[in-house]
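Here the structure is laid out as structure tokens; the discussion comes afterwards.
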Amino acid sequence: MAPDSDADPEQGEDLDLAAVEERAAAAWDEQGLHEAEPEPGTESFFATYPYSYMNAVPHIGHAYTMARTDFMVRFQRMLGKNTLFPFAYHVTGTPIVAAAERIQEGDEDQIDQLVDQGIPEDEVEDFDDPEHWIESFPKLWQRDADDLGLMIDWRRDFHTTDLNPFYDAFVRWQFRQLEDEGLVRRGEHPVVWDPVEGSVLSDHDRREGEGVSPEEYTLIKLHDPEGDRHLLAATLRPETMFGQTNVWIDPEETYVELEHEGERWVVAEPVVDAFGYQFDPIEETGQTWTGRELVGLRVEAPATDRRIPVLPGSFVSAEVGTGIVTSVPSDAPDDYRALLDLQQDPDRMEAFGLDPEEIQAIEPIAIIDTPGMGDLPAVDVVAERSIESQADRQALEEAKEEVYKRGFYEGTMKPELARVGGDPVQEAKDTVQDWLVAEGEAEVFYELADEVVSRGGAEGVVKIVDDQWFMAYGDEDWKHEVHRAFEETIDCFPEDVEQQFDHVVDWLDDWACTRATGLGTKLPWDDQWIIESLSDSTIYMAYYTIAHLLEDTDVEADDVYDNDELFSYVFLGEGEAADATKGSLTEDRIERMREEFLHWYPVDFRNSGKDLIQNHLTFMVFNHVALFDQEHWPRGLSVNGWVTIDGEKMSKSKGNFITLREALDEFGATATRLGLANAGEGLDDANFDREFASNVDRRLRRWHEQVTRPPEHTRSGELTSADRWLLARLAELTGQARQAYEDAMFRSALQSAFFDVMSAWNRYRRRALGEIHEDVWETFADRAIRLLTPIVPHLTRHAWREGGHEGHAIDQAFPEPEPPEDAQAARAAEELIQQVIDDTRDIEQATGETPDEVRVFTAPDWKHAIVETAVQLEDKGELNPGSLTGRVMQNDAIKQHGSDAADFAQSTAEKLSRGPAPSLDVDEPAVLEEARTFLEQELDCTVRVFRAGEAEDVEDGGKADRAEPGRPGIYVEASA
RNA sequence: GCGGGGGUCGCCAAGCGGUCAACGGCGCGAGGCUUAGGACCUCGUCCCAUAGGGGUUCGCAGGUUCGAAUCCUGUCCCCCGCACCA
């Protein structure tokens, strides 16, 4: 299409937005607008959006985040920067594989999901192969992103995992680098395990228990000296071990003996399997007991110097922990209530052969000080809540919650306790656990907080793997460098999130960075592991700079694979290009990559949803800091909230889930973009208002008409005060819009660039009585188009060309404010006019009369003189009623007004100390006289303007005396 | 509990020491335009008021200040995160 062939085929017709969008997209394509090439000597702006996972099409939330990135890119382009906005496809991990499996199985839910996303039913079966997802979804993303008008350079796209040998090579290089720096470490890790499949049971493979993860228990070894074995009691609160008074077992349960590394352990029978996954080797000795048989045993408990008895507790369940509970009646309501139950039941004691005297003697031991609670919180809470029995499960759960929370977060250990006396409970917990484990008095054990069932129907268990790889994000030196990056190189949008990042950096610990299953890149030095999805995507923005020079070129993958010299040279400047040359990979080509990287890097703006603060965005900074020179650390991180639809959270069940495709089909690109800009800004959840998106169309048409069609009545020559006012206002709005765009506050930008510009224009047209100055209109149209271009580029391109300009709106410079020289006076004049209108309307409203004639009396010179003096005094900080009165009374022209002058001085001094001074450089009579016709139109009556003191012959109702600078006296004459 | 962010005129939402009865949008009311409706434009939309004013407001209670929606303290409530999940 020739550049001019679209010159307004529908001029005079209704604006056909869809056609406008289509032509703009075609023209940009033709122009190669989206294809970013390094331009030496030009400042670059590299913006990215975290590539999305290719198991679904983009929805309106993705669109929000992507559009914001695009707004910024286009704005920066208009500032003259060379911009790059690339995109890629994330396919690492298990979801795609799992979903493909479900299609194979004919899973209806999964099929429906695909159909809901717009996949034709007869194509659904093709999605039984993960690679089909990887081929299909990127196309849909590309289609929708293009239709939304994102300025993406698709030549640089790619997908992750070893299905893409080039990216695979890049990630392998990255991990070898990290490994060299000692930042990838190996350790133990509890995982949820599918015992049937013999593999990790990831969230996506679960039928039940999504999101459930292992909980850490401490197994306390309660030594039975008689039998030289240990009863293993499971607890979440090892720090309370100082308060043990007894042990609870379920008398109806079977207990078995296990042997592990020479020790004999006793646990309830149902938990034996779980032990098999966490303790290796472990064997059953064949010895078993009923719980009843264990009652009365006396065991030695760690952290106490007493032998404590094993007692029957009906609340004990083998479903939780080990079926053995160590009893801390001071802090555990369950334990205390069970103790009371037993103590109050002589028959039961007798039935179990217990000595009532001994049982009665058991008392809770105070171990924790909690502000606002007694020494024995469990005792207090059981009494307060009148809990009558250990069988009252719900009341006890609530009581436990209350006591645990308060104790854990606010309590401190009693000072007399060994090792942890005086410590906060939160710290003591770890201290005691470490101590007991080190002494061999306890073991760590994991259990699932809730049931997990695999899609195959197997019940998930916890398994300890001992060869898990971690990113060492817990490393203090590394954290320190990351903090420095936030201080020195990174700007956060909005600024507040920097504190959140700091916090995340502080609490972040080592991150399990490999998985046993799913798609991904194999860990280079241990290929049974696959690098997980958050770890293979931390520095890939660098890969964008060269992706198009590797993929879909004649470069052979083999020449890149494990060619670490290549990446080290391109990204780090290490070595020489010649070192990395290999086969198809020529030195020229390598230099070209280096040039691209140096031109584009670092990332200037990375925009994502706020959910990525605590993982991806932080990881990204960690990895950049570890690998790159400081000059290539990220520069800008931008975060936005979630998108709600018409004020409600988007969800499939509510039926308000909108894909980007649906939005585009319903509203078109322009209204969708405007709706997204209007949806929100900052961290708050944004609201995509469908009504706005469909109604904004009308506003756009009107906008379009006004910026493209010259007004009917124009004039030229001298500028009037109305003209100057509009120019001043446009300058002001330009400044505001510019600042808002810079800060990624796009709703504010839209407010200034669109709504406020239009409302200023409306006022101007009335104010100018329909006689529009042709230069002013030109300026208005030019500003309106440019200011809005980052948000609705299709429409502004069209408007720009209709205005007879060459090229694209997007190629124009973003305007500078450039206020006219007399802007201040122009605005003050307009304020004066509006003041008269407002005051008159107030009077009308108060009196209920409709005026026939309004007489406006401007303040006399002597009042101006007083205000002027007041301003001078204020500037010197000497303004008060006395000083002002004294000063002005030295002036004979003022003094002759006697007490009127004194009173006015008094009130002026008071007013100025509170608010701003009225503008004194307005020739009020002239301004009002010039605006008289306008005033008459607005007030719908005759308006006459007088200088105070020059109108003795008209009735002024005493209002002429009221006149003040900036606030003329007004007399309303009404018939009726 | 910890970290972050909030509670503003029916709804959404700006403001974050004086220019604030408090921007803007939606909704609602009135007028203009129009054959009518819609769209558009204007005015109004806490209470009182026949003169541009007064009163009471910005979760609640105190406080600092000549002056507070804005600062401080306390208190109640809401949202997000506290991970190994993409």
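Naming: A, B, ... by sequence-line order, numbering from 1 per chain.
Atom CH2 in A/W703 sits about 22 Å away from atom P in B/A39, given to the nearest Å. Remark: P of B/C12 and CG of A/L750 are 20 Å apart, rounded to the nearest angstrom. Taking atom CZ of A/F692 as the reference point, atom P of B/G27 lies 12 Å away to the nearest angstrom. Between the CZ atom of A/F137 and the P atom of B/A86 there is a distance of 17 Å, given to the nearest Å. In this structure, CG of A/D611 is placed 23 Å from P of B/G3, rounded to the nearest angstrom. A straight line from CG of A/D502 to P of B/G5 spans 12 Å, rounded to a whole angstrom. Summarising the geometry, the separation between CZ on A/R690 and P on B/C26 is reported as 19 Å, rounded to the nearest angstrom. In this structure, A/L617 places its CG atom 17 Å from P of B/A86, rounding to the nearest Å.
With A/W511 as the fixed residue, the ring pair (Phe, Tyr, Trp, His ring centres under 6.0 Å) test singles out one of A/F470, A/F619, A/F622: A/F619.
Heavy atoms of A/P968 sit under 4.0 angstrom from at least one base atom. Residue contacts shown for A/T92 are limited to sugar-phosphate atoms, with no base heavy atom under 4.0 Å away. If you check every strand for non-hydrogen atoms under 4.0 Å, A/D509 touches a base. Within the nucleic acid shown, A/G957 has no heavy atom closer than 4.0 Å to any nucleic acid atom. Nucleic acid contact for A/I613: none, since no nucleic acid atom lies under 4.0 Å from a heavy atom of the residue.
Remark: A/R962 does not engage A/E964 in a salt bridge, criterion side-chain N to carboxylate O under 4.0 Å. With respect to A/R729 and A/E830, no salt bridge is recorded, no charged nitrogen being found less than 4.0 Å from a carboxylate O. Salt bridge status for A/D839 with A/R967: present, with a side-chain N to carboxylate O gap under 4.0 Å. For the pair A/K479 and A/D475, the salt-bridge criterion is not met [side-chain N within less than 4.0 Å of a carboxylate O].
Pair assignment for B/U45 gives B/G27, based on Watson-Crick or G-U wobble hydrogen-bonding distances that are each under 3.5 Å. B/U73 and B/A61 make up a base pair, with Watson-Crick or G-U wobble contacts both under 3.5 Å. Pairing of B/U50, defined by two Watson-Crick or G-U wobble distances under 3.5 Å, is not identified with any nucleotide. Of the nucleotides present, none pairs with B/A14 by Watson-Crick or G-U wobble criteria with both distances under 3.5 Å. Across every strand in view, B/C33 sits unpaired, with no contact that passes the Watson-Crick or G-U test at under 3.5 angstrom. Under the Watson-Crick and G-U wobble criteria, each requiring two contacts below 3.5 Å, nucleotide B/C82 is paired to B/G1.
Taking OG1 of A/T65 as the start and NZ of A/K610 as the end, the distance is 11.5 Å to the nearest 0.5 Å.
The gap from the C1' atom of B/C80 to that of B/C72 amounts to 27 Å, rounded to the nearest Å. Between the C1' atoms of B/G59 and B/C79, the separation comes to 15 Å (whole Å). Nucleotides B/G54 and B/A21, compared at atom P, are 10 Å apart to the nearest Å. Taking the P atom of each, B/G38 and B/A30 are spaced 12 Å apart, rounded to whole Å. Taking the C1' atom of each, B/C23 and B/U45 are spaced 16 Å apart, rounded to whole Å. Taking atom C1' on both nucleotides, B/C16 is separated from B/A69 by 8 Å, rounded to a whole Å.
Comparing B/G52, B/A86, B/C41 against the side chain of A/R702 picks out B/C41 as the nearest. In the set B/C43, B/A51, B/A86, the nucleotide with an atom closest to the side chain of A/Y53 is B/A86. Side-chain atoms of A/Q499 lie closest to B/G5 of the nucleotides B/G5, B/C84, B/A49. Side-chain proximity of A/D496 to B/G5, B/C84, B/C43: nearest is B/G5. Here the nucleotide nearest the side chain of A/I970, chosen from B/G52, B/C84, B/G24, is B/G52.
Of the two residues contacting RNA chain B, namely A/R967 and A/H616, the nearest-nucleotide position lying further toward the 5' end is that of A/R967. Where A/F755 and A/Q834 meet RNA chain B, the nucleotide closest to each residue was compared, and A/F755 sits on the side nearer the 5' end.
The aromatic rings of A/Y540 and A/H616 sit tilted, their planes meeting at an angle between 30° and 60°. By the 30° and 60° cut-offs, the orientation of the rings of A/F946 relative to A/F857 is parallel. Ring geometry for A/Y51 versus A/H90: interplanar angle under 30°, hence parallel rather than tilted (30 to 60°). Ring geometry, A/W507 versus A/H503: the interplanar angle exceeds 60°, so the pair is classed perpendicular (tilted spans 30 to 60°).
The shortest distance between the side-chain N/O atoms of A/R841 and the OP1/OP2 oxygens of B/G53 is not below 4.0 Å. Taking 4.0 angstrom as the limit, A/S533 places a side-chain polar atom (N or O) nearer than this to OP1 or OP2 of B/A86. Between A/R698 and B/C40 there is a side-chain N or O to OP1 or OP2 distance below 4.0 Å. The phosphate of B/A14 has OP1 or OP2 within less than 4.0 Å of a side-chain N or O from A/R747. Phosphate proximity of B/C26 to A/R699: present, with a side-chain N or O under 4.0 Å from OP1 or OP2. Phosphate contact (OP1/OP2 of B/C41, side-chain N/O of A/N762, threshold under 4.0 Å): present.
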Enumerate all atom pairs, one protein N or O and one N or O from nucleotides 78-81 of chain B, separated by less than 3.5 Å.
{"from": "B/G81", "atom 1": "O2'", "to": "A/Q614", "atom 2": "NE2", "distance (Å)": "2.6"}

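A/K863 contributes a side-chain N or O that, together with a main-chain N or O of A/A963, makes up a donor-acceptor pair within less than 3.5 Å.
For a distance-only test at 3.5 Å, the side chain of A/D842 fails to qualify as a donor-acceptor partner of the base of B/G52. Judged by atom type and distance alone, A/R962 reaches the base of B/G52 through a side-chain donor-acceptor pair under 3.5 Å.
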